[in-house]
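If you read the sequence from its start, that first residue is 1, and numbering goes on from there. As a basis for the values below, the full set of heavy atoms in this structure was taken, side chains included, without hydrogen atoms, waters or symmetry mates.
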Amino acid sequence: MNVDVLIAGAGPAGLAAAIELRRLGVSRVLVVDREAEAGGVPRHSAHTGYGLRDLHRVMTGPAYARHYVRAAVRAGAEVRAGTTVTGLSRSPSWPGLPGGPEPAADASGLAGPARPAGATRHAGAPDPAGAPDPAGAPDPAGAPDSADAADVAGAPDLADAVSPANAAASTGPTGPLSATLTGAGGIETVTAAAVLLATGCRERPRAARLVPGGRPPGVMTTGELQQRVYLHGQQLPGRAVVVGAEHVSFSAMLTLAHAGADVVALVTDQPRQQSYAAFALAAAARWRVPVWTSAAVRRIAGRGRLDGIELADLRTGAVSFVGCDTLVFTADWIPDHELARLAGTQIDPGTRGPAVDTALETSIPGVFAAGNLVHAAETADIAAVGGRHAARQIAAALRGTGPPRTARIPVTVAAPLSWISPNAIHAGGPPPARRRFLLRSGTFRRTARLEVRQGGRVLATARARLVPGRPVHLDAGWMDRTDPSAGPVQVTLQ
């Protein structure tokens with residue numbers, strides 16, 4: 001099967017990209033997702049608040065998911081659920097590959113596109129806690145486990161096959177990619193001119209957070225909680241504790257209340273909650289749920305059933321026991337980067353997702369990434385807007401009208417800033433989605449001064465309020481002041 005664009009992930013980012021690609025005249029668009037139904041996490045997030053920035057209306061999560069699935073199908077994209085990308089490779093005989101013919105020059109005299117070859121795998125196994133992968137708009141449940149995936153035999157790594165000189169000269173995708181899809185109907189090979197990775201992100205489960213103690217039932221992430229309650233109608237009576245105090249933590253509190261639980265508290269190791277003040281006030285006033293700050297779970301107690309947790313006060317060192325029947329770990333996001341990592345894309349050490357430029361192209365020409373895979377975790381509408389942006393860049397690349405692929409200029413941050421996305425720019429490249437870079441901070445700062453520097457030059461300054469887990473926006477107006485020969489750009493807190 002041949003397609004123009006293959007999209008891995010049918011959450012808001014992937015579906016919004018498919019709709020935009022079809023609108024721009026891209027003929028053959030295939031969207032695949034390992035979940036039994038397309039739509040991403042919003043389909044099991046029954047609260048309202050979806051669609052504000054992308055659809056300019058407010059919807060519940062399931063209605064939002066249905067909207068995007070139906071719109072993608074109406075636009076002419078093929079959407080396949082229950083299908084996993086288990087291989088991604090290029091033909092070693094394509095020009096510019098090791099052992100292949102030399103690339104020909106085009107009419108402009110530039111070297112022709114180099115096509116990397118390689119193999120990757122994308123497993124469909126659930127994460128160690130059995131939890132799905134919640135996020136504002138990521139790919140849905142069941143974080144893949146790379147150990148369970150099958151490699152494409154004998155295929156070289158994608159990244160190792162790229163010629164830097166040819167990649168720099170190219171203006172678009174550099175040859176067809178061959179993807180192996182695995183689903184209920186068997187194994188199928190699909191050839192695509194470009195690939196968009198929109199696999200989303202997930203919360204770290206208890207095991208990844210290294211919380212000691214027993215392994216009783218009743219310990220889960222927000223994604224598993226939402227699936228149990230909203231997809232399967234499960235009730236969770238008894239006492240519950242939520243670990244975290246970000247936006248998603250308050251969402252988990254609402255889901256627990258809907259399931260009949262008595263939420264004892266939200267617990268955070270930070271000195272104060274990280275969501276909007278109105279959320280904390282509503283939790284205290286409407287549901288009488290306090291936020292316990294500067295506190296950390298030290299041990300989980302219980303064998304056949306969850307008995308409770310040992311909670312340490314980080315200010316005094318005192319440890320107390322809190323009895324509960326349900327424990328929900330929230331936030332602490334990590335991108336579902338297995339497919340990107342095994343493909344050989346460069347991984348950004350801050351976001352822990354694939355490093356992307358402002359066109360959302362990865363370090364491998366023709367492979368793009370969008371949504372919470374590159375900025376874990378933003379809301380669904382921001383992920384959808386990013387998917388549209390990626391679609392416009394892919395369509396331009398397929399037409400050959402994109403900007404020349406000049407050398408990348410890395411964009412980094414210094415502590416206490418945690419990451420920035422996108423994390424690379426090109427001279428003459430497009431601005432990022434919404435003309436903004438997204439940043440995260442590891443500290444609170446009510447009035448912060450950000451400085452954008454390259455070498456000894458200050459390119460821009462900006463004011464921002466910093467809250468861990470909350471987005472910080474940096475206007476992209478400084479991009480045209482960069483010097484391709486002056487090294488990386490760094491954003492610092494002054």
Side-chain angles (χ1 to χ4, degrees), residues 52-54 136-137 246-247 270-278 331 333 335 348-353 355-361 369-372 374-379 381-386 388-390 393 403 408-494:
L52 186 61
R53 295 176 184 88
D54 53 341
E246 297 185 18
H247 297 331
Q270 296 290 329
R272 52 187 181 271
Q273 60 91 15
Q274 300 97 60
S275 188
Y276 299 119
W333 306 102
D348 181 76
T351 65
R352 295 172 292 184
V356 291
D357 58 26
T358 52
L360 295 181
E361 191 170 26
N372 282 332
V374 298
H375 50 57
E378 288 295 312
T379 55
D381 52 2
I382 294 299
V385 169
R388 288 179 189 167
H389 178 75
Q393 310 312 313
R408 280 190 169 206
I409 303 173
V411 181
T412 65
V413 296
L417 300 176
S418 304
W419 54 256
I420 185 168
S421 179
N423 24 57
I425 62 174
H426 292 277
R434 305 173 70 213
R435 302 189 63 86
R436 297 174 176 178
F437 289 82
L438 284 171
L439 298 93
R440 283 289 192 282
S441 168
T443 189
F444 289 90
R445 189 75 62 88
R446 182 170 294 276
T447 304
R449 181 176 180 268
L450 303 178
E451 191 171 84
V452 184
R453 300 183 66 92
Q454 186 184 36
R457 295 187 304 133
V458 177
L459 304 179
T461 60
R463 297 285 180 182
R465 182 183 181 190
L466 305 182
V467 177
R470 294 252 295 268
V472 178
H473 299 126
L474 177 65
D475 185 84
W478 51 268
M479 285 179 57
D480 59 3
R481 294 191 285 276
T482 57
D483 179 352
S485 64
V489 172
Q490 186 175 59
V491 182
T492 61
L493 177 62
Q494 299 302 307

Does the distance from a Lys or Arg side-chain N to an Asp or Glu carboxylate O, for E378 and R470, drop under 4.0 Å?
no

Grab the two heavy atoms, one from [X] and one from [Y], that are nearest each other, plus how far apart they are.
{"X": "S441", "Y": "T443", "answer": "OG-O, 2.8 Å"}
{"X": "G371", "Y": "A383", "answer": "CA-CB, 3.9 Å"}
{"X": "T379", "Y": "R53", "answer": "OG1-NH1, 3.6 Å"}
{"X": "R434", "Y": "R436", "answer": "NH2-NH1, 2.9 Å"}
{"X": "R408", "Y": "A355", "answer": "NH1-O, 3.7 Å"}
{"X": "T482", "Y": "Q454", "answer": "CA-OE1, 3.5 Å"}

Pair listing, ring-ring contact (aromatic ring centres under 6.0 Å, His included) test, anchored in residues 435-485, at least two apart
F437-W478

Looking at side-chain heavy atoms only, is the closest gap between [X] and [Y] below 4.5 Å?
{"X": "L493", "Y": "R445", "value": "yes"}
{"X": "V472", "Y": "L438", "value": "no"}
{"X": "V413", "Y": "R440", "value": "no"}

Rounded to the nearest 0.5 Å, what separation is found between the [atom1] atom of [X] and the [atom2] atom of [Y]?
{"X": "L417", "Y": "L439", "atom1": "CG", "atom2": "CG", "result": "6.0 Å"}
{"X": "E246", "Y": "Q270", "atom1": "CD", "atom2": "CD", "result": "8.5 Å"}
{"X": "N372", "Y": "I382", "atom1": "CG", "atom2": "CD1", "result": "10.0 Å"}
{"X": "D348", "Y": "T412", "atom1": "CG", "atom2": "OG1", "result": "9.0 Å"}
{"X": "T351", "Y": "H375", "atom1": "OG1", "atom2": "NE2", "result": "10.0 Å"}

Side chains of residues 420-430: which donor-acceptor pairs under 3.5 Å do they make with residues two or more places apart or in other chains?
| unit_1 | atom_1 | unit_2 | atom_2 | d |
| --- | --- | --- | --- | --- |
| S421 | OG | V374 | O | 3.0 |
| N423 | OD1 | V356 | N | 2.9 |
| N423 | ND2 | I420 | O | 3.2 |
| H426 | ND1 | T406 | O | 2.6 |
| H426 | NE2 | D357 | OD2 | 2.9 |

If we ignore angles and hydrogens, is there a donor and acceptor under 3.5 Å between the side chains of T492 and Q490?
no

All side chain to side chain donor-acceptor pair (under 3.5 Å) counterparts of [X], not counting sequence neighbours:
{"X": "S275", "value": "H247"}
{"X": "R481", "value": "none"}
{"X": "T461", "value": "none"}

Mind running side-chain contact (heavy atoms from CB on, under 4.5 Å) on T447 and R463 for me, showing each step along the way?
CA-CA 7 Å; T447 304; R463 297 285 180 182; 4.3 Å; yes

Keeping the roles fixed (side chain from R388, backbone from D54), state whether a donor-acceptor pair exists under 3.5 Å.
yes

Residues forming a salt bridge (charged side-chain N to carboxylate O under 4.0 Å, His left out) with R449, sequence neighbours excluded:
E451

